[in-house]
Amino acid sequence: MKLGIISDVHGNLEALEAVAGFLRQKGVVRFVCCGDIVGYGPDPNRCIEMIRGMGCVCVAGNHDHAVTGKTSLEGFNSAANRAVLWTRPLLTESNRLYLESLPFVVEEGPFLIVHSSPSAPGAWEYVLTAREAARQMAHFAGGVCVAGHSHQPFAVERPPEGRVRVVRDGNFDIRPAAKYFINAGSVGQPRDGDPRACCLLYDDRTQRMAYFRVPYDVAAVQAKIRAAGLPDTLAARLGAGC
Ligand code: ZN
């Protein structure tokens, strides 16, 4: 079975549609999402409805919980803050309840799925280095944890022998004796200098994990952000991918 792993859609419908279409074309039949369906982007309801329609297994992100009031806006920068306040009154009741119901952690086959970290999934800390990722490995029993939150696609492998190794992109095998902390990157607001939407594909037949970048209509989303009166910085950063 081929599993599509996505994260940090952030209300970017064009990016979500592009990624879902791409992964389906590659044979993906099941999807998981590491949280932050909403926030920043102009299409929160349609993104939630699409995720629900895909039967996507999803965990809560800090923006999902901020929009429902389950997490405070403390620590949100002004653009993030404005986007949360813009999103709140727009959400349908059904979509708000859906966001509220999202768990912090789910298990999907051999994977533990979280938004931020397995050690404190509701504290929204950032795992940005191999050292921090290696420390997180003490906090899950299985072999693989997949997270989002930082919008930085990278994977850290701890082999049974030898040193911790970073895989920044491309393909790698999930080896049964090794342990992994993997960041899925961001569909809707990449921050690694590549504006294309990021996603992961895992094939359980070959145990191969692969990052992909998928182009989408960035200009259309930028126009929607500006038309909605959301901060211009949110439009500009999509073009730069940072
Ligand atoms: Zn995010």
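Counting starts at 1 for both ligands and their atoms, in listed order. Basis for what follows: all heavy atoms, side chains included, without hydrogens, waters or symmetry-related copies.
- Note on D8: its N/O/S atom closest to the Zn ion (ligand 1) is OD1.
- By the 4.0 Å N-to-carboxylate-O rule, E17 lies too far from R24 to be salt-bridged with it.
- No side-chain donor from either of Y40 and N12 sits under 3.5 Å from a side-chain acceptor of the other.
- A donor atom on one side chain and an acceptor atom on the other are found under 3.5 Å apart for H115 and N62.
- Distances from the Zn ion (ligand 1) to each N, O or S atom of D36 single out OD2 as the nearest.
- In this structure, the side chain of T68 does not engage the main chain of E100 through any donor-acceptor pair within 3.5 Å.
- For the pair NE2 of H151 and NE2 of H10, the angle whose vertex sits at the Zn ion (ligand 1) is 90° to 10 degrees.
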